[in-house]
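I have placed the structure first, in the form of structure tokens, so that the comments after it can refer back to it.
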Amino acid sequence: MSSRLRIAPSPTGAMHVGTARTALFNWLYARHTGGTFIVRIDDTDEDRNEPRFEADILEGLRWLGLEWDEGVETGGPHGSYRQSDRYSRYAAAAEELVLAGKAYPCFCTPGELEERRREAEAAGRPPGYDGRCRNIDPAGAAARREAGEAAAIRFAMSRPGQTVFTDLIRGEITVDHDHVDDFVLLRSDGRPTYHLASTVDDVDYEISHVARGEDLLPSTPRHIRLTLALGGSVPTYAHIPLIHGPDGKRLSKRHGARGVTEYRDAGYLPDAIINYLSLLGWSPGGDVTVFSMADSIARFDLADVQKNPAVFDQAKLDWMNGEYIRALPVGEFMRRAHPYLEDGLGKSLRPEEWERFEAMAGLVQERTRLLAEVADQVRFLFEDDLQPTPEAAKLLSDPATASLLAAVVTALADVVDWNHEQLETTLRGLLENLGLSARKGLQPIRAAVTGSLVSPPLFESMAVLGRDATLTRLKAVAARPG
RNA sequence: GGCCCCGUCGUCCAGUGGCCUAGGACGCCGGCCUUUCAAGCCGGAAACGCGGGUUCGAAUCCCGUCGGGGCUGCCA
């Protein structure tokens with residue numbers, strides 16, 4: 001039987017890198033094994049769900065190229081793929097378990113439970129549910145519910161007992177049921193909990209492999225026992241280590257972690273993010289760092305995933321993004337940079353402006369790590385009112401700069417063909433006559449022409465800017481008194 | 001506290017008893033190239049948490065210890 005994997009995000013927040021990596025590993029394993037990748041929405045937390053988060057997550061998955069074969073929006077043979085559409089199914093499953101004696105109504109109120117939990121903790125006892133309602137006889141319990149008394153449904157864990165299972169990543173894991181309380185299946189208002197909905201869905205959708213975050217490892221015995229009670233076959237589990245922030249704690253917004261769509265907006269390439277995320281807990285083996293999705297599909301195996309958590313390293317992601325940007329054909333680089341450029345410039349480019357960008361694109365591409373950086377590199381080509389950087393302004397106010405630029409203006413008057421070769425020949429000749437090094441002599445010119453001490457190569461920049469604009473900028477500084 | 005998981009350079013990854021004088025990548029430091037910045041090239045510092053075993057031989061196997069993380073909800 002072929003593999004069926006799912007990712008089941010809860011729309012309670014934007015898609016973060018942890019979710020993205022879990023999705024990636026599920027997707028890779030499904031593709032590697034020729035199986036099916038499913039996207040399900042686990043939206044049983046009605047207090048925190050927001051439609052915009054679901055949209056963000058699906059958008060992020062698509063942007064990353066993690067297309068799903070079955071699931072929300074795409075559809076499939078199993079109905080809705082959104083848990084909020086399946087509440088009646090979960091309630092029915094819970095009631096069946098009650099009838100079968102595998103679950104029972106619990107009349108304890110949240111307030112009572114909270115109080116007992118506090119007492120237990122104060123007394124040093126385990127804080128989990130003590131199971132008292134399990135002793136109520138079924139007929140009596142049914143009568144009380146019939147009479148309208150609110151009850152949650154709890155799963156009756158077998159006691160004594162233990163659950164042993166083999167995690168694909170961690171090997172054999174044993175948990176004694178003494179440490180697993182009778183957890184809630186159905187809330188007293190009839191809504192399912194995550195445990196119930198997720199497990200019922202995994203059974204109904206015939207999920208073969210559950211690859212999810214390590215935070216769910218302690219819940220796995222519950223899911224296994226519930227699956228068995230439901231008459232389903234237990235999937236193979238693989239618990240992926242969490243991604244940590246620099247402080248060693250689970251990565252979160254506190255660490256400045258951004259959502260996937262925010263990375264997109266900052267100018268990261270999906271392939272770079274995929275490559276980077278693949279390396280968090282896995283590698284294709286050997287010394288390779290940069291590799292394609294096809295390589296990953298060919299080699300990926302959940303069993304090879306690292307056991308220990310990985311720290312998210314923004315600097316390495318940035319480096320990798322630069323690698324992917326430089327690997328782009330220049331035309332593709334331009335196409336991808338286009339929206340970021342116009343956004344950064346705050347205007348859309350006219351055809352002749354686009355040609356100017358085209359003339360510089362190769363040089364810009366080499367020094368771009370994030371697409372959103374492109375605008376600042378070429379801003380001087382599209383704006384006349386340059387705001388010099390403080391460093392540039394300082395150099396421009398130097399009296400020596402004014403006299404140098406005056407000489408530059410004079411020398412440039414003789415340039416017939418305004419191209420970078422001619423400009424280079426002319427300016428190098430001038431600097432030689434003046435006894436100035438290129439390092440010394442060119443920075444003032446760069447400051448005047450680009451408004452910055454850091455720019456793409458100067459001669460090309462001047463060539464693309466054009467004779468008139470270049471001379472105007474040089475003269476403006478040369479004319480200063482002093 | 002209890003339960004579970006984990007432990008190779010600062011970080012990510014390679015390593016599955018001898019090929020390890022522990023390799024690659026990011027970052028860092030130094031140098032080269034150079035019109036600035038990048039890119040590129042060369043070089044450097046930098047790790048098997050600790051202690052016991054097992055073995056002719058341990059980063060690799062076992063035990064302990066210490067450290068870190070997760071869970072401990074009518075959240076997921």
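In what follows, chains are A, B, ... by sequence order, proteins preceding strands, each numbered from 1. These figures come from a predicted structure and were not determined experimentally. Any value given below was found using the heavy atoms of this structure, including those in side chains, with hydrogens, waters and symmetry copies removed.
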Distance between the [atom1] atoms of [N] and [M], in whole angstroms?
N      : M      : atom1 : answer
U60(B) : G23(B) : C1'   : 15 Å
G10(B) : A46(B) : P     : 10 Å
G73(B) : A14(B) : P     : 35 Å
G18(B) : G51(B) : C1'   : 24 Å
A47(B) : G52(B) : C1'   : 22 Å
G2(B)  : C61(B) : P     : 28 Å
G43(B) : G24(B) : P     : 10 Å
C5(B)  : C42(B) : C1'   : 43 Å

Counting primed atoms plus P, OP1 and OP2 as sugar-phosphate and everything else as base, spell out the protein contacts along nucleotides 28-41 of chain B at 4.0 Å heavy-atom distance: B, S or - for each nucleotide, 5' to 3'. -------BBBBSS-
For a quick check, with a 4.0 angstrom heavy-atom cut-off, what is the B/S/- contact string for nucleotides 64-76 of chain B, read 5' to 3'? -----SSSSSBBB
May I ask which nucleotide in the shown strands pairs with [N], Watson-Crick or G-U wobble, both distances under 3.5 Å?
N      : value
A76(B) : none
C41(B) : G31(B)
G2(B)  : C71(B)
G64(B) : C50(B)
U11(B) : A25(B)

So which atom in A448(A) and which in L474(A) form the shortest heavy-atom distance, rounded to 0.1 Å? CB-CD2, 4.0 Å
Considering every strand and a 4.0 Å limit on heavy-atom distances, what is the contact class for G281(A): base, sugar-phosphate, or nothing? sugar-phosphate
Base, sugar-phosphate, or nothing: which does G124(A) touch, judged by heavy atoms less than 4.0 Å apart?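 Counting heavy atoms under 4.0 Å across all strands, no contact is made by G124(A).
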Per the salt bridge (Lys or Arg N to Asp or Glu O under 4.0 Å) rule, which among D182(A), D181(A), D176(A), D178(A) passes with R159(A)? D182(A)
Going by an N to O cut-off under 4.0 Å, is there a salt bridge joining E54(A) and R82(A)? yes
Identify, between L317(A) and I169(A), the residue whose nearest nucleotide on RNA chain B lies closer to the 5' end.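 Its nucleotide being nearer the 5' end, the pick is I169(A).
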Please determine which of D42(A), D202(A), N26(A), D201(A) meets the side chain to side chain donor-acceptor pair (under 3.5 Å) test together with R6(A). D202(A)
Are [Y] and [X] an aromatic pair, judged by ring center distance below 6.0 Å?
X       : Y       : answer
H32(A)  : F300(A) : no
F382(A) : F357(A) : no
Y268(A) : Y276(A) : no

I want to check one thing: is the phosphate of A14(B), taken as OP1 and OP2, less than 4.0 Å away from some side-chain N or O of Q306(A)?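 Indeed, a polar side-chain atom of Q306(A) lies that close.
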Think N308(A) has a side-chain N or O under 4.0 angstrom from the OP1 or OP2 of C12(B)? no
Whole angstroms only, please: what is the [atom1]-[atom2] distance between [X] and [N]?
X       : N      : atom1 : atom2 : result
L280(A) : C12(B) : CG    : P     : 8 Å
D318(A) : C12(B) : CG    : P     : 17 Å
H177(A) : C4(B)  : NE2   : P     : 14 Å
H239(A) : C5(B)  : NE2   : P     : 12 Å
D287(A) : C12(B) : CG    : C1'   : 13 Å
L251(A) : U11(B) : CG    : P     : 15 Å

Evaluation steps, salt bridge (charged side-chain N to carboxylate O under 4.0 Å, His left out), between R116(A) and E112(A): CA-CA 6 Å; R116(A) 278 181 227 149; E112(A) 290 166 352; 3.6 Å; yes
Residue K307(A), side-chain heavy atoms: nucleotide from A25(B), C4(B), C6(B) that is nearest: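 For K307(A), the side-chain atoms sit closest to C6(B).
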Does the pair R254(A) and D247(A) meet the rule for a salt bridge (charged side-chain N to carboxylate O under 4.0 Å, His left out), with working shown? CA-CA 11 Å; R254(A) 290 204 315 285; D247(A) 62 352; 3.5 Å; yes
Who pairs with R367(A) by salt bridge (Lys or Arg N to Asp or Glu O under 4.0 Å), at least two apart in sequence or on another chain? none
Option among L465(A), V409(A), V408(A) that satisfies the side-chain contact (heavy atoms from CB on, under 4.5 Å) test with T470(A):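 When L465(A), V409(A), V408(A) are each tested with T470(A), the side-chain contact (heavy atoms from CB on, under 4.5 Å) holds only for L465(A).
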